[in-house]
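Written out below as structure tokens is the structure these notes cover.
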Amino acid sequence: MEKFRVLFQHFQSSSESVMNGICLLLAAVTIKLYSSFDFNCPCLARYNALYGLGLLLTPPLALFLCGLLANRQSVLMVEEWRRPVGHRRKDPGIIRYMCSSVLQRALAAPLVWILLALLDGKCFVCAFSSSVDPEKFLDFANMTPSQVQLFLAKVPCKEDELVRDSPARKAVSRYLRCLSQAIGWSITLLLIILAFLGRCLRPCFDQTVFLQRRYWSNYVDLEQKLFDETCCEHARDFAHRCVLHFFANMQSEMRARGLRRDTADRDPEPPVTPGPQDGLDGGGSGKAHLRAVCSREQVDRLLSTWYSSKPPLDLLASPGIWGGRGGLNHRALTVAPGNRLSQHTDV
């Protein structure tokens, strides 16, 4: 149980580990789907190739799209590519790194399906049975061209009366299945060689650019997560204060109209609405920058500023560098005692 907890915490803290886990899960689902799929070739000259190639390529396309949807970095990559430059320049290298990472993970499940289909050979036999050269087989010498085409179209259906127990059907099916497996094993060997070369040769090159792009790729992901969490925290705090303010006003109105005479002696003082500096949990220092945004116009302006003009990645720069052109400067913050914020905070 302790090992499972450590593993779960690792996956939860690492975005790349989560994506790798999703990638492995899609690959396992792909194997299960293919093993449970009932393959039935139409055995018609016009539709064999369409059905076989469709079954070979359409599920991988669907799995590829599922891999893109499940990968959070695909959305971040598009947002980073499309966002306005603002006060933060865009690095094409980071976008290329994220694109490469997304494609590598999204292509895992489709490649598993294609390799399984090629090694099994049913789709390949169905798709190319009508395209086999009859001259390679002696059994077709006494057949007319129309009979040959009809016979080849029936090759995937071994229970059909026309090709049942026919040595020619077995020969064609064996030939296509061997060719399909040869292509499948060749692709597998090529992928293994490419992965081996990539793993072995990568340390031979300068790792500085790779480390920088990996760092900033993770930074973009974490920054967006923290921004969403901060927005949720502010929305909860803002809603809580609005509700308390509403009930405080309603209580004052009821007292003014004489509707609370029965409880006037027991509750002579109306509840105090928490001000911008009063925290929900008693600690105001951690949320002072959130409570400073206290109107809908400020929130809309803040969200618009975050999208159109993200702050520069310079923590030592003066806050007024980017806050004056559309940011939100809150110069009238009253910080609780012990708070480290000695000047106004730009949100």
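Please read all numbers here as calculations on a predicted model, not as lab measurements.
Per the SG-SG cut-off, Cys41 and Cys126 are bridged by a disulfide [distance under 2.5 Å].
Between atom CD of residue Gln149 and atom CG of residue Leu152 there is a gap of 6.0 Å, rounded to the nearest 0.5 Å. Here NZ of Lys154 is found 13.0 Å from CZ of Arg169. Values are rounded to the nearest 0.5 Å. Note that the CG atom of Asp221 and the CD atom of Glu80 stand 11.5 Å from one another [nearest 0.5 Å]. The line from CG of Leu65 to CG of Leu61 is 5.0 Å long, rounded to the nearest 0.5 Å. To the nearest 0.5 Å, atom NZ of residue Lys225 and atom CG of residue Leu222 are 6.0 Å apart. Separating the CD atom in Gln224 from the OH atom in Tyr219 is a distance of 11.0 Å, to the nearest 0.5 Å.
Judged purely by atom type and a 3.5 angstrom limit, Ser35 uses its side chain to pair as donor or acceptor with the backbone of Lys32. Side-chain atoms of Asn48 come within 3.5 Å of backbone N or O of Cys43 as a donor-acceptor pair. Although no hydrogens or angles enter the test, the distance criterion places no donor-acceptor pair under 3.5 Å between the side chain of Ser180 and the main chain of Leu176. A distance-only check finds no donor-acceptor pair linking the side chain of His234 to the backbone of Val299 [under 3.5 Å]. The backbone N or O of Ala153 sits nowhere less than 3.5 Å from a side-chain atom of Ser129 that would complete a donor-acceptor pair. Between the side chain of Thr58 and the backbone N or O of Leu55, no donor-acceptor pair lies under 3.5 Å. Judged by distance alone, with hydrogens and angles left aside, the side-chain atoms of Ser309 form no donor-acceptor pair with the main-chain N or O of Thr305 at under 3.5 Å. A donor-acceptor contact shorter than 3.5 Å links the side chain of Asn218 to the backbone of Arg214. Using a distance-only test at 3.5 Å, with no hydrogens or angles considered, a donor-acceptor pair links the side chain of Gln207 to the main chain of Arg202. No donor-acceptor pair closer than 3.5 Å links the side chain of Gln181 to the backbone N or O of Leu179.
Summarising the geometry of Leu26 relative to Thr30, their closest heavy-atom pair is O-OG1, 2.7 Å, with the distance given to 0.1 Å. Asn71 and Ser74 get closest at one heavy-atom pair: O-OG, 2.6 Å. Cys231 approaches Leu303 most closely through the heavy-atom pair SG-CD2, 4.0 Å. The shortest non-hydrogen separation linking Ser217 to Met98 is OG-CG, 3.3 Å. In terms of heavy atoms, Asp120 sits closest to Arg177 at O-NH1, 2.6 Å. Here the closest non-hydrogen pair linking Ala106 and Gly67 is CB-C, 4.1 Å.
The closest side-chain heavy-atom distance from Pro84 to Tyr307 is below 4.5 Å. Considering only heavy atoms from C-beta on, Phe39 comes within 4.5 Å of Tyr51 through its side chain. Within the 4.5 Å cutoff, the side chain of Trp113 has heavy atoms near those of the Leu33 side chain. At a threshold of 4.5 Å between non-hydrogen side-chain atoms, the residues Phe137 and Tyr175 count as touching. Residues Pro311 and His87 form no side-chain contact, since every pair of their non-hydrogen atoms from C-beta on lies 4.5 Å or further apart. Between Arg46 and Leu44 there is no side-chain heavy-atom pair separated by less than 4.5 Å. Between Lys90 and Arg83 the shortest side-chain heavy-atom distance falls below 4.5 Å. You'll find the side chain of Gln73 reaches within 4.5 Å of the side chain of Ser101, heavy atoms only.
Ile183 and Val125 end up in the same hydrophobic cluster when Ile, Leu, Val, Met, Phe, Trp and Tyr side chains are linked at under 4.5 Å. A chain of hydrophobic side-chain contacts below 4.5 Å, direct or via other Ile, Leu, Val, Met, Phe, Trp or Tyr residues, connects Met143 to Val155. In the hydrophobic clustering of this structure, Leu116 groups with Val29; members are Ile, Leu, Val, Met, Phe, Trp, Tyr whose side-chain heavy atoms approach within less than 4.5 Å, directly or through other members. Residues Leu150 and Val148 share a hydrophobic cluster, clusters being chains of Ile/Leu/Val/Met/Phe/Trp/Tyr side chains in contact below 4.5 Å. No continuous path of hydrophobic side-chain contacts links Tyr34 to Leu115 [ILVMFWY only; heavy atoms under 4.5 Å].
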Where do Lys310 and Glu79 land on the salt bridge (Lys or Arg N to Asp or Glu O under 4.0 Å) test, with the steps shown first?
CA-CA 13 Å; Lys310 287 189 177 181; Glu79 290 180 353; over 6 Å; no

Please lay out, stage by stage, how Cys99 and Trp81 fare under the test side chain to side chain contact (heavy atoms under 4.5 Å, CB included).
CA-CA 11 Å; Cys99 180; Trp81 176 51; over 6 Å; no

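Using bins of under 30°, 30° to 60° and over 60° for the plane-to-plane angle, the ring pair Phe124/Phe128 lands in the tilted bin.
No hydrogens or angles considered: a donor-acceptor pair under 3.5 Å links the side chains of Ser100 and Gln104.
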